[in-house]
Amino acid sequence: MANVNSAVDMKTPQVDAKKVKKKRSQWYEVWRRLRKNKAAMVGLVIISILLFSAIFADFIAPEGYDDQDLTRRFASPSSENFMGTDHLGRDIFSRIIYGTRISLQVGFIAVGIAALTGGTLGAVAGYYGGKLDNIIMRLMDVLLAIPSILLAISIVAALGSSLVNVMIAVGISSTPTYARIVRASVLTIKDQEYVEAARAIGANDFRIIIKHILPNSMAPIIVQATLGVAGAILSAAGLSFIGLGIQPPNPEWGNMLSSGRHYIRDYWHIATFPGVAIMITIFGLNLLGDGLRDALDPRLKN
Amino acid sequence: MHKYILRRLFLLIPVMLGVSFIVFTMMYLTPGDPARIMLGESAPGHEVERLREELGLNDPFLVQYGNFIKDLVVHQDLGRSYTNSRPVMGEIVSRFPTTLKLAGLGVLVAVIIGIPTGIISATKQYSLFDNISMVGALLGVSMPNFWQGIMLILLFSVTLGWLPASGFSTPQQMILPALTLGTSSAAIITRMTRSSMLEVIRQDYIRTARAKGQVESVIINRHALKNALIPIVTVIGLQFGFLLGGAVLTESIFSVPGLGRLMVDAIGQRNFPIVQGGVLFIALTFSMVNLGVDILYAFLDPRIKSQYK
Amino acid sequence: MLKNKKALILVSFLLVFSLVAVGCGSETASGPADPNKLVVAQPSDAVTLDPHGQNDNASARVRLQMFETLVDQDADLQIIPSLAESWEQLDELTYEFYLKEGVKFHNGEELTANDVAFSLRRALGSANVSFIIEAIDVDSIEVVDTYTVRFSTKESFAPILAHLAHPSIAIVSEVAVNEHGEDFGQYPVGTGPYKLANWEKDEFVDLVRFEDYHNEERFAKIENVTFRAISEGGNRTIELETGGIDIAYDIPAMDINRVEESDDLILIRDMNFSTTYVGFNAAKEPFDDVRVRQAINYVVNMDAVVDAAYDGIGTPAKGPLGANVWGANLDLEAYGYNVERAKELMAEAGYADGFTAEIWTNQNPQRIAVLEMVQNQLADINIKVETSILDWGVFLQETAAGNHDMFVMGWGTVTGDPDYGLYALFHSSGHGDAGNRTFYTNERVDELLDLGRATADEDERAAYYHEAQQIIRDEAPWIFTWNGEELTGTQTWVRGFSNSPAGHHALWTVYYE
């Protein structure tokens, strides 16, 4: 499911240690490069629009997400209901707008969980090395050996289906990726002179990891996270599709798609719009992710 | 090299033990009584209790896990399914070829679409074809495959009436599931082929070949493709591993009797022996495929091979 | 490795071409693909073909073709002979059955009283099915002679014959069970008109006619039957339309018109024994107040709910039993949609300002739709409802433990007898696990249900059940929701098929024309 990630793993960009010295200009440089990339800008615009709809859903959506009206079930798209209504006579457009909230929440929080736990584990493993490294990374191998969708399904089954549990499940199942990325960049950074210098003047490990090492492994994490949000949204929609997702009447896109598929032959609009919404979101995130990767590491740009 | 392979195989043992422990713990903590699910809503409580006792569900956690490992190691036995009391091993082995076939066909679709598209895109960088195929590839990864499956059924089965919408025994039945499963991999392979080709094309020896006046198609086919293939092959291998485990949704949309569907049903029914055996089996296959990819990678790229000596 | 890109392009074109070519091959047929084969699709594959194993619908539908019971029920729910030619009630508790002679099992063995005694004991020992014939005292089962078997019930139990006709109380071959042990479910041996030929799990079950079958009236007309498992309802319809299957069970509501209006297909629809209900936890505040339960029944617009959730199939329920169950009280009056009355009742009960409650169900799309609408409509009397979709196992466990407020669930009165549809669900002895998940308690109902069980006289029995249903309807431990329908689609050339209200349809009657 989080298939989006695999292409990235191949080329984890590595960060120049020198960059840390001129932090502000470095990020400015990235932004400058990103701005030149039209595709990435399209992605950014899509994501901004989605964020905007999520935040201002109450103002944008013409109706509530659970305003049922059994007298207008299956209404086709019209000026009144721009995307039609579903089997309970709810306005699909409004549900999709509110659904943005859920999908973005799931995407960002799940990735947050994964990046935080994975990043910490990876940093610790890479920095300390030895036995600790071995234990942590073998644990990550165990998680990696179980296909992520199966892992997510079992976690949701164990915890019960709810918004929070879906986030946790999707988060845990993508933790190992972050652990690996961070560990790899920590390994390349930890022996650099400036880290040794920090150690020499008596900085403790925690400080060194937080102040010196993590900021320098940010680039690959940012890229992975952007694409990871896409993967997480897809995973959550897939979980909902097989009935292990977020509780109705919450307008989760995967859920809407799943219940709309029964009506697809007669009322195409019910399952089509949520599918398109998912696709556009993932598309936007992928464009942005690609652009970020190029901007963060110009050497990779083709 | 042999040493490396042996070491990797040896390392699989603790990983598999870890997988079994995690799955076992997770299933143990999962609410929902398998005995109650098997007996349904109409059976009285004392019958449920009797069945729990029969299935060994009342034993302490470590005893249950110990028994599972003992049976597995000593008797090579994964136990019997709760629901139909068939041996777990047989249940898994009978489903595996289907999933393997589905994943294989998915990869085939991906390769057939992905590699030519990627090559053309790379040789005609920034052309209309390149732009369209890159946007297409991105859309391909962005499309939820369960949605795509439904749309394909709508088009090919309902509207056109060309292909059956379910099952997996005849070649016709395999087309739609393979397309559904292969799309996102096709997109990934397209992108990988393109970028890998572009990288190779910029190398000095290609420039030299061009300078020597060789025909462009010869350059691409003879020199560039061969070197660009290394990362592509790796991606194909990884995709195959991924599709093996990721076919769950495709299998359920098209009623394909594969391993993924078996697992999802088993998790729903709390059919613990099947879940444990199945996850272990899938994890092992997955790891073996990854190992195979690593070996192949080393084999194709002499620079990497030398590292393992 | 790859010689040139043109070859690749060629290959990909070939593939696309072959896709199209292969696709064009199928066309609509005008008769059965194979006159000796009947292909039937149902939503899932059989779990086990051991009749005393898991008691699910998909398995029962296949097993019915292969196994038989001591007695059977005809279309009017009257008990008719099957493996037992006749029977006799010796006293209040004791029954004697006289077996038909010369009945062969699929393995060639002859059916004897030993097999019957063995099967009954085996069923009683199986956690899956023993509840069906719990009434029988296992120690009393006795082989009188080769063709006579005798047993007693623990207490007088009027519906015993209907329970013996339950397909799960099938008679199996003792020899075959001993031979295959735990694997009997894969190598089933019964006396029915079809026997197992081949079984590819989750894909299909092939049955073949049993040529030595004992009952001429039920001798199978079509030689081979294949059951296919197609989980997506829409896909079953599509397969039916494209001619891949001859009979499709459980046509989804959305496809009814399509099948009905098609010139190539026939839709066979009949009311079945299933009922869906929204249960209250009658032991818990505020649902222990009958006025609250009634108010909720008034405020839910059940006609609209049923129409939306089930797309017009089945009928809104008026009471605890469907009209086709024996002894159903047809005079019950539906609550109807009356918000004013609901508000009055809520005010009387002291809940004019409403309260907060939870409603649960499991992963069943129709039940979820009911749940969403009930939640929405209860807001009209200020009840704020939170919803949860639970996993089936958790759902059963939590509702049995009484941790719920409201829940959406179903029941099938498989025997067509009111005892099956009322006792477990409303008798106070069944609180929790045994089926009374509403924890409803009413002494008079208990008494009536006990009387109904013990009384042989049909008119008297019916009167007891009518009264019990009236009380239950008035005290409303449920929101009476829906009675279901069997929807089967067939090709035009399929003849002789009829729906069974229990959902287990006979296939030996089917033929082609």
Side-chain angles (χ1 to χ4, degrees), chain A residues 1-4 6-7 9-11 39 43 138-139 141-151 153-160 227 230-231 233-234 237-238 241-244 253-254 257-258 260-261 264-265 268 271-272 274-276 278-287 290 300 302, chain B residues 11-12 14-16 18-19 21-23 26-27 29-32 122 125 134 138-139 141-148 150-151 153-154 158 184-185 188 191-192 194-195 198-199 231 234-235 238-239 241-242 244-246 248-249 252 260 263-264 267-268 270 275 278-279 282-284 286-287:
Chain A
M1 292 192 110
N3 199 357
V4 199
S6 23
D9 294 350
M10 299 302 306
K11 305 183 174 185
R138 288 300 80 74
L139 190 70
D141 283 348
V142 168
L143 288 184
L144 268 183
I146 308 174
S148 59
I149 170 104
L150 271 186
L151 188 61
I153 292 173
S154 337
I155 296 174
V156 175
L159 300 175
L227 299 171
I233 292 175
L234 273 184
F241 184 78
I242 50 175
L244 280 171
W253 293 337
L257 209 165
S258 169
R261 76 183 198 273
I264 194 146
R265 293 183 68 183
W268 58 274
T272 305
V276 172
I278 298 177
M279 198 158 95
I280 292 177
T281 309
I282 309 297
F283 187 69
L285 285 162
N286 281 336
L287 283 176
D290 279 2
L300 287 174
N302 292 315
Chain B
L11 268 179
L12 276 184
V15 169
M16 288 304 125
V19 169
F21 187 77
I22 285 188
V23 175
M26 219 140 60
M27 286 293 112
L29 296 176
T30 299
Q125 201 185 359
M134 281 305 103
L138 215 48
L139 282 174
V141 234
S142 308
M143 201 157 34
N145 64 2
F146 44 91
W147 183 65
Q148 189 200 347
I150 295 169
M151 293 294 158
I153 292 181
L154 195 59
V158 179
S184 71
S185 297
I188 287 170
R191 284 162 56 110
M192 196 66 215
R194 178 178 179 270
S195 66
L198 283 175
E199 209 158 298
T234 318
V235 169
L238 291 175
Q239 284 303 313
F242 172 79
L244 271 180
V248 175
L249 293 171
S252 70
M263 298 303 299
V264 173
I267 291 172
R270 307 289 183 263
V275 179
V279 172
I282 294 175
L284 191 65
F286 198 58
S287 307

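Letters A, B, ... mirror the listed sequences (proteins, then strands); counts begin at 1.
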Closest-packed option against chain B by number of heavy-atom pairs under 4.5 Å, given V142(A), L139(A), L159(A), L244(A): V142(A)
Engaged part of S258(A) at the chain B interface, taking heavy atoms whose separation is under 4.5 Å: neither
Full working for side-chain contact (heavy atoms from CB on, under 4.5 Å) between I153(A) and M263(B): CA-CA 10 Å; I153(A) 292 173; M263(B) 298 303 299; over 6 Å; no
Spacing of CG belonging to L154(B) relative to OG1 belonging to T272(A), to within rounding of 0.5 Å: 7.5 Å
Distance in Å, I146(A) CD1 paired with F286(B) CZ, rounded so as to fall on 0.5 Å steps: 10.0 Å
Point-to-point distance, once rounded to the nearest 0.5 Å, from CZ of F146(B) to CD1 of I278(A): 5.0 Å
Partner set under side chain to side chain donor-acceptor pair (under 3.5 Å) for R270(B), not counting sequence neighbours: D391(C)
Pairwise distance CG(L143(A)) to CD1(I22(B)) - rounded to 0.5 angstrom: 5.0 Å
Chain B contact via I264(A) - side chain, backbone, both or neither, heavy atoms under 4.5 Å: both
Residue V19(B) versus chain A: region with a heavy atom under 4.5 Å: both
Residue V15(B) versus chain A: region with a heavy atom under 4.5 Å: both
Between CE on residue M279(A) and CG on residue L138(B), distance to nearest 0.5 Å: 10.5 Å
Interface moiety of M134(B) toward chain A, non-hydrogen atoms closer than 4.5 Å: neither
Over all atoms of both residues, closest heavy-atom pair of G275(A) and P144(B): O-CD, 4.5 Å
Region of A157(A) that comes under 4.5 Å of a non-hydrogen atom in chain B: both
Under 4.5 Å from a heavy atom of chain B, the part of F283(A) involved: both
Most contacts with chain A, counted as non-hydrogen pairs under 4.5 angstrom, among G260(B), A283(B), G278(B), S287(B): A283(B)
Backbone of V276(A) reached by a side-chain donor or acceptor of W147(B) within 3.5 Å: no
Where I267(B) and S154(A) come nearest, the two heavy atoms and their spacing: CD1-OG, 3.9 Å
Per-residue contact mode, L12(B) against chain A (heavy atom under 4.5 angstrom): neither
Which atom of V141(B) lies closest to which atom of N286(A), heavy atoms considered: CB-ND2, 4.2 Å
Heavy-atom proximity to chain A below 4.5 Å, by part of V264(B): side chain
For the student: nearest non-hydrogen atoms of A158(A) and P31(B), plus distance: O-CD, 3.1 Å
Close side-chain approach of I150(B) to L257(A), heavy-atom, < 4.5 Å: yes
From I282(A) atom CD1 to L139(B) atom CG, the distance as rounded to the nearest 0.5 Å: 11.5 Å
